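Order of appearance sets the numbers: ligands from 1, and atoms from 1 within every ligand. All figures in this text were calculated on a predicted structure; none of them were measured in a lab.
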Amino acid sequence: MHSELRDRATQILVQNDRGGYTVPTARLYPYQWNWDSAFAALGFSEFDRDRAWRELETLFEGQWADGMVPHIIFRRDDPDYFPGPAIWQSGTTPPSSGHSQPPVVASIVRHLMETGGPEDQERAKLLFPRIFAWHNWFHAKRDPDGKGVVGIVHPWESGRDNCPDWDIGLNRIEVPADLERYERRDTDSVDPAERPTSSEYDRYLTILKFGRECQWDQEKIARVGPFFMADPGIQFILLRADRDLSHLAELFGFVEQREQIRRWIERSVQGCETYWNEAAGAYCARDLRTGEFSNAMTNISMLAFYAGAGSATQRIRLIDHARDILDQCQYGFPSWDPRDDKFESKRYWRGPVWAMANYMIVQGLTDCGEFALAERIKTDTLKLIEKSGFCEYFDPMTGDGHGGTDFTWTAAIYLVWSRATPSSRAA
Ligand code: GLC
């Protein structure tokens with residue numbers, strides 16, 4: 001079973017390859033997505049290193065002049081997806097969306113270098129200035145006052161589209177009467193009960209409209225746009241990525257950039273305190289316009305370990321909290337606390353388990369010596385895939401798979417983890 005599944009995972013990556021870039025899954029997501037591509041590169045590195053680098057290089061073909069790497073790159077118009085390039089109107093070549101997504105690339109590049117040879121070093125060195133420009137963009141445009149707190153201007157920027165974290169910011173948005181009529185395409189291929197609601201979609205498009213109408217003036221969008229929230233996911237992933245980028249800068253002898261990265265890290269470490277919600281005993285999202293906190297722990301709260309953030313006391317609380325949450329589930333780690341009434345075990349980011357989130361959680365826990373917890377989450381992930389296949393996400397209570405099938409990042413994580421523990425997972 002183990003080697004059959006590895007073959008299947010390899011096939012999925014190959015079948016989702018559109019020639020230099022990979023789609024997350026056919027139909028539901030027919031373009032190149034930012035962090036999906038980073039995880040695709042991780043998966044490709046298991047059997048085709050050249051292709052792994054190509055994935056990252058094509059992603060940077062979509063980089064904007066200001067350094068931003070957009071969350072979707074539209075290389076050709078595909079009627080299967082809404083909202084497509086005509087709605088975003090990025091004015092770029094290739095066309096793209098107008099905001100970013102979690103910057104995992106630097107960490108994946110470090111992984112490629114550490115598992116590779118001189119050619120990997122060369123390709124990493126060529127990519128370095130582009131990654132640096134992207135991180136610089138996050139620190140400048142998403143933290144305009146330099147507080148060490150990197151915000152998101154759209155729930156899609158977090159990569160956790162409909163997590164209850166964003167309800168606070170979304171509920172404050174008034175949908176304008178002149179919002180264009182639109183037809184969703186996501187619910188053609190996935191049960192609407194597993195997707196964001198239409199009221200959420202109206203608000204997603206209201207934010208998009210604001211960006212389009214100010215021609216993607218990122219400063220304006222962050223300062224006065226309809227939505228600006230602090231996302232622990234972006235904060236922790238960027239902090240980890242900055243640390244990994246600093247390591248690369250040192251290796252390549254990029255002294256000035258290394259000094260700049262050091263300043264980013266210092267500021268971000270302090271900024272992490274903004275996310276600590278004492279009442280919830282976790283790092284939580286927060287509305288940057290009102291200060292209001294989201295009140296439950298998510299899978300992404302666990303990335304504090306991945307980022308190397310938090311005091312010893314905060315980490316102990318997180319671990320205890322994580323154990324309590326896992327006691328409620330058959331499979332961890334859920335994207336929302338099952339004890340909270342907003343939890344929905346099948347609805348996208350309001351409860352389900354995501355393999356690539358687990359991958360980052362496990363890396364962080366392992367780095368911090370929390371081996372038992374790391375092992376539990378890793379084993380759960382492999383069991384989920386063995387039980388339900390390479391689905392987009394999984395129900396933490398039943399283990400059933402949901403969303404898109406033959407999903408790129410689920411296949412990628414399986415490839416990496418099934419190699420690491422072949423005997424323990426053999427059928
Ligand atoms: C959804 C997910 C996002 C992902 C995209 C493509 O929008 O929330 O994280 O990048 O699908 O898989």
- Query: Under a 4.0 Å N-O cut-off, is there an ion pair linking Lys342 with Asp340?
  - Reply: no
- Message: Taking the six-membered ring for Trp, are Trp166 and His154 closer than 6.0 Å centroid to centroid?
- Response: no
- Task: Salt-bridge test for Arg317 and Asp320: reply yes if a basic N is under 4.0 Å from a carboxylate O, no otherwise.
- Result: no
Give every pair made of an N or O atom of ligand 1 and a protein N or O atom lying under 3.5 Å apart, one pair per line with both atom names and the distance to 0.1 Å, or write 'none'.
residue, atom, partner, partner atom, Å
ligand 1, 7 (O), Asp161, OD1, 3.4
ligand 1, 7 (O), Asp161, OD2, 2.6
ligand 1, 7 (O), Tyr348, OH, 3.4
ligand 1, 8 (O), Gly159, O, 3.0
ligand 1, 8 (O), Asp161, OD1, 2.6
ligand 1, 8 (O), Asp161, OD2, 3.3
ligand 1, 8 (O), Trp349, NE1, 2.9
ligand 1, 9 (O), Trp35, NE1, 3.0
ligand 1, 9 (O), Gly159, O, 2.6
ligand 1, 10 (O), Trp35, NE1, 3.1
ligand 1, 10 (O), Asp36, OD1, 2.6
ligand 1, 10 (O), Gln101, NE2, 2.9
ligand 1, 11 (O), Tyr29, OH, 3.3
ligand 1, 12 (O), Asp36, OD2, 2.6

- Basic-acidic side-chain contact under 4.0 Å: Asp48, Arg54: no
- Message: Could you check whether Arg75 pairs with Glu61 (Lys NZ or Arg NE/NH1/NH2 to Asp/Glu carboxylate O, under 4.0 Å)?
- Response: yes
- Query: Between Asp66 and Lys141, is there a side-chain N and carboxylate O pair less than 4.0 Å apart?
  - Reply: no
